[in-house]
Participant: 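The structure follows.
The sequence lines fix the lettering, A, B, ..., with proteins before strands; numbering per chain opens at 1. In this text the structure is predicted, and so the values were computed from the model without any measurement.
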There are 2 protein chains.
Amino acid sequence: MTNLGDLEIFARVVSSGSMSAAGRALGFSPAVISKRIKRLEDRLGTRLLQRTTRQISLTEAGQGFYDRVLGILTGIEEAEAYASGRSSQAQGVLRISAPTSFGRMHIAPHLTGFMKDHLDLKLHIVLTDDFTDIVAEGFDMAVRIGELTDSSLVARKLAPVRRLLCASPDYVARNGAPNEIGDLARHFCLPAHNNDNWKLEGPEGSLVWHPEGPLVTNSSEIVRAAVIAGAGIALRSTWDIGPELRSGQLVQVLPQWEGSKNLTLSAVYPSRQFLPAKVRLFIDYLAALYGPVPYWEQ
Amino acid sequence: MTNLGDLEIFARVVSSGSMSAAGRALGFSPAVISKRIKRLEDRLGTRLLQRTTRQISLTEAGQGFYDRVLGILTGIEEAEAYASGRSSQAQGVLRISAPTSFGRMHIAPHLTGFMKDHLDLKLHIVLTDDFTDIVAEGFDMAVRIGELTDSSLVARKLAPVRRLLCASPDYVARNGAPNEIGDLARHFCLPAHNNDNWKLEGPEGSLVWHPEGPLVTNSSEIVRAAVIAGAGIALRSTWDIGPELRSGQLVQVLPQWEGSKNLTLSAVYPSRQFLPAKVRLFIDYLAALYGPVPYWEQ
DNA sequence: TTGAGCTTTTCCATTTCGGAAACAATGGCA
DNA sequence: TGCCATTGTTTCCGAAATGGAAAAGCTCAA
């Protein structure tokens with residue numbers, strides 16, 4: 001039967017992109033890495049890595065094998081954590097990927113509350129707006145906003161996402177508030193950072209509006225600052241501008257229209273038979289935190 | 001990181017119930033088994049097996065660990081098979097559990113057809129009417145008839161199960177056919193081998209009938225022979241008595257009533273991210289064989 | 001009470017494993 | 001274009017691990 005170390009080494013070689021780098025990471029000499037990759041390939045009777053002396057790439061068999069090996073390794077990790085930690089205590093390292101803005105505003109502030117209940121757990125949080133492949137990147141879970149489709153992942157809904165049109169009071173004072181959807185054409189519209197069209201739902205059904213405005217950016221934070229500064233009308237999520245709405249820094253316009261409803265805030269994780277306790281506990285924590293009605297909606 | 005051999009040894013010790021037996025099965029001396037179990041426990045910091053010199057039992061931690069280890073081992077097996085066999089060829093051993101009667105009548109006759117397409121595959125088929133724990137018993141899949149609930153398994157429907165009331169023509173000639181459901185009280189009823197009540201559905205809704213008759217047995221085959229021999233009325237599946245209905249050896253009675261519809265013939269297998277090719281191919285084969293309308297219904 | 005069968009420990013031969021060094025090959029950079 | 005740093009591979013050797021036989025201690029059944 002395969003030596004487990006070989007699988008670990010193989011996975012590390014793939015993720016780091018080089019045998020030498022894997023050797024450094026794992027504390028082995030390059031010679032060992034080379035020998036064990038070779039042994040693994042010999043036993044499998046297949047070439048897993050296509051290598052020139054300068055570069056390494058996965059063969060098709062290697063890619064499929066790698067996908068599987070990742071699952072196996074985390075499975076072993078989970079089994080060991082279960083047996084060691086027992087009684088479903090969280091321990092080890094919990095690796096999370098989350099959207100930048102949401103992570104900063106609604107995850108980061110609550111982390112200490114979770115950590116003080118789980119002293120044996122280390123958190124490793126990466127904020128990015130790319131939809132990274134969480135299993136290939138080695139994340140235990142991700143927080144996502146959107147419509148979810150990837151079938152190899154399991155999603156648990158954390159909260160609905162409401163998006164509404166808003167502007168600053170002084171913008172409204174200067175330009176007036178739109179009364180019907182067509183009025184938007186006469187306003188400054190601030191597209192979202194991903195530059196999407198606005199999918200709106202209203203009393204007359206749904207429509208797609210293509211926002212045109214003076215500002216295009218890839219940063220959600222800049223759009224946010226711009227609309228608060230009075231630059232125009234934006235379609236923002238309630239989790240993003242809830243406090244500003246309450247404080248009066250922003251007001252809702254065209255309240256009969258809202259962003260398309262099939263967006264959700266979700267926790268996603270690889271589908272496995274045994275969910276690590278650390279992942280389950282953290283998702284439970286977030287779900288309890290955001291509740292049936294999130295605090296930013298109240 | 002854990003040595004994979006330790007996990008394999010641990011799993012074998014649990015399944016065989018003794019270290020010595022595991023040693024014999026794996027070709028190791030008892031000394032080695034003992035040492036490696038001890039090492040595994042030391043690293044996990046938990047006792048996995050409670051042992052008296054004469055007997056071995058799993059601790060709670062050991063049970064949970066064992067469940068996980070089984071999944072890991074089959075995962076590795078699948079990963080290796082994938083890389084070695086490539087292009088999703090079936091190979092290795094496919095272990096199947098199936099109901100005795102159905103297996104004999106509707107699986108066994110078709111096995112050669114499957115085997116000739118997959119020469120590298122060995123089949124290992126166990127017929128039993130117990131609902132065995134397929135993952136603990138080391139089966140890759142099972143064919144089941146019934147209502148399915150086990151959440152740790154995935155079920156794929158192969159065919160609907162129709163059950164209807166029938167008797168032999170000479171029984172009907174001697175005793176007459178029942179005209180309405182209440183007439184059953186005046187007939188010999190042959191309960192199924194599991195001695196269940198009959199859940200029937202008819203034009204007036206559903207009801208539960210408690211069949212009373214001269215014959216009680218745990219063998220489905222005996223009930224089947226008895227009804228053909230004219231001993232009474234039985235509720236039988238169409239896959240069981242289809243040919244007899246067609247040949248006239250049996251006739252349907254009370255045709256407006258049928259057995260409860262929420263029974264299905266299904267293939268079940270452990271939920272895993274990667275389904276072994278051998279399992280997928282065999283289930284596809286059965287599904288194609290039984291089709292949308294099974295051949296025994298035509 | 002005895003004996004068979006089990007687990008565990010001890011000691012030893014063997015195998016495996018990891019590393020240093022030497023070598024070959026590749027791509028970046030001046 | 002030519003140099004050089006980096007990478008993968010091979011060889012050889014010391015160190016660590018693995019597996020087995022034998023002995024000991026224990027439990028259950030006859």
Side-chain angles (χ1 to χ4, degrees), chain A residues 1-63 65-66 69 73 76 80 83, chain B residues 1-63 65-66 69 73 76 80 83:
Chain A
M1 161 81 72
T2 298
N3 185 318
L4 189 54
D6 293 3
L7 300 185
E8 225 177 343
I9 287 174
F10 170 70
R12 198 52 170 258
V13 168
V14 174
S15 71
S16 64
S18 120
M19 293 200 195
S20 303
R24 284 191 295 273
L26 297 173
F28 288 133
S29 73
V32 175
I33 309 290
S34 174
K35 271 189 281 194
R36 300 191 67 162
I37 293 288
K38 180 168 161 41
R39 181 174 69 177
L40 186 59
E41 289 180 331
D42 285 349
R43 185 184 22 246
L44 295 175
T46 312
R47 182 149 277 249
L48 298 172
L49 298 171
Q50 206 54 265
R51 33 202 188 272
T52 70
T53 33
R54 203 59 185 175
Q55 200 161 345
I56 252 173
S57 66
L58 280 167
T59 62
E60 188 188 329
Q63 179 65 56
F65 192 66
Y66 177 62
V69 166
L73 292 178
I76 290 174
E80 293 185 336
Chain B
M1 162 80 74
T2 299
N3 185 317
L4 191 52
D6 292 2
L7 299 186
E8 224 177 343
I9 286 174
F10 169 69
R12 196 53 167 259
V13 168
V14 173
S15 71
S16 63
S18 119
M19 294 202 195
S20 303
R24 284 190 294 273
L26 296 173
F28 288 130
S29 74
V32 175
I33 309 290
S34 173
K35 271 189 280 194
R36 300 192 66 161
I37 292 288
K38 179 168 163 40
R39 180 174 68 177
L40 186 58
E41 289 179 331
D42 285 349
R43 184 181 22 246
L44 294 175
T46 313
R47 181 148 278 246
L48 298 172
L49 299 171
Q50 206 52 263
R51 31 203 190 273
T52 69
T53 34
R54 202 59 185 178
Q55 199 163 345
I56 253 174
S57 66
L58 281 167
T59 62
E60 189 188 328
Q63 178 66 55
F65 192 66
Y66 177 62
V69 166
L73 293 178
I76 289 174
E80 293 186 334

Participant: When the distance from CD1 of A/Ile9 to C1' of C/dT16 is rounded to whole Å, what number comes out?
Facilitator: 14 Å
Participant: Between B/Phe65 and B/Phe10, what is the ring plane arrangement, given parallel below 30°, perpendicular above 60°, and tilted in between?
Facilitator: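 B/Phe65 vs B/Phe10 ring planes: tilted.
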Participant: Distance from B/Leu4 atom CG to B/Leu73 atom CG, nearest 0.5 Å?
Facilitator: 6.5 Å
Participant: Side-chain contact test, heavy atoms from C-beta onward, threshold under 4.5 Å: evaluate it for A/Met19 versus A/Ser34 and give yes or no.
Facilitator: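 With C-beta onward as the side chain, the pair touches.
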Participant: Could you tell me how far apart A/Arg36 (CZ) and D/dT9 (P) are, to the nearest whole angstrom?
Facilitator: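 Taking atom P of D/dT9 as the reference, CZ of A/Arg36 is at 15 Å.
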Participant: What is the distance, to the nearest angstrom, from the CZ atom on B/Arg51 to the P atom on C/dT8?
Facilitator: 4 Å
Participant: What I'd like to find out is whether the side chain of A/Leu49 reaches to under 4.5 Å of the side chain of A/Thr59, using heavy atoms alone.
Facilitator: no
Participant: So A/Ser57 and A/Gln50, do their side chains get closer than 4.5 Å, heavy atoms only?
Facilitator: yes
Participant: Please determine whether a side-chain nitrogen or oxygen atom of A/Asn3 lies at a distance below 4.0 Å from atom OP1 or OP2 of C/dT16.
Facilitator: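 Checking A/Asn3 against C/dT16: no side-chain N or O falls below 4.0 Å of OP1 or OP2.
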Participant: Contact list please: residues 10-24 of chain B against DNA chain C, heavy atoms, distance less than 4.0 Å, in numerical order.
Facilitator: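 Result for residues 10-24 of chain B: B/Ser18, B/Met19, B/Ser20, B/Arg24, sorted by number.
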Participant: Measure the distance from CG on B/Leu49 to C1' on C/dC6 and round it to the nearest whole Å.
Facilitator: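 After rounding, the gap between these two atoms is 14 Å.
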Participant: With a 4.5 Å cut-off on side-chain heavy atoms, are B/Ile37 and B/Asp6 touching?
Facilitator: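 Counting from C-beta outward, B/Asp6 and B/Ile37 never come under 4.5 Å.
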Participant: Can you tell me the distance, in whole Å, between the NZ atom of A/Lys38 and the P atom of C/dG18?
Facilitator: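 Roughly 17 Å, once rounded to whole Å.
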Participant: State, to 0.1 Å, how close B/Ala83 and A/Thr46 come at their nearest heavy-atom pair, and which atoms those are.
Facilitator: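 Smallest interatomic distance, heavy atoms only, reads O-OG1, 2.8 Å.
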Participant: Rounded to the nearest angstrom, tell me the gap between atom CZ in A/Arg47 and atom P in D/dT9.
Facilitator: 7 Å
Participant: Counting only side-chain nitrogens and oxygens, does B/Ser34 get under 4.0 Å of the OP1 or OP2 atom of C/dT7?
Facilitator: no
Participant: Taking any heavy-atom pair under 4.0 Å as a contact, classify B/Ile33: base, sugar-phosphate, or nothing.
Facilitator: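 No contact.
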Participant: For the helix from C/dT1-D/dA30 to C/dA30-D/dT1, how many degrees between its two end axes (five pairs per end), to the nearest 10°?
Facilitator: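 Both end axes considered, the difference amounts to 30°.
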Participant: Out of B/Lys35, B/Arg36, B/Arg51, which one pairs with B/Glu41 under the salt bridge (Lys or Arg N to Asp or Glu O under 4.0 Å) rule?
Facilitator: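 Of all the options given, the one that passes is B/Arg51.
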Participant: Which whole-number value in Å describes the distance from A/Glu41 CD to D/dG8 P?
Facilitator: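 Checked: the CD to P distance equals 13 Å.
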Participant: Does some side-chain heavy atom of A/Val69 sit less than 4.5 Å from a side-chain heavy atom of A/Glu8?
Facilitator: no
Participant: Check whether any side-chain heavy atom of B/Ile33 lies under 4.5 Å from a side-chain heavy atom of B/Arg12, and answer yes or no.
Facilitator: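 Counting from C-beta outward, B/Ile33 and B/Arg12 never come under 4.5 Å.
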Participant: Strictly under 3.5 Å: I want the nitrogen or oxygen pairs between protein and nucleotides 20-23 of chain D, one per line.
Facilitator:
from	atom 1	to	atom 2	distance (Å)
D/dG20	OP2	B/Ser29	N	3.0
D/dG20	O6	B/Lys35	NZ	2.7

Participant: Considering non-hydrogen atoms only, spot the tightest contact between A/Ala22 and A/Val13 and give its length.
Facilitator: CB-CG2, 3.6 Å
Participant: Nearest whole Å is fine: how far is D/dT9 P from A/Arg39 CZ?
Facilitator: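 From A/Arg39 CZ to D/dT9 P: 15 Å.
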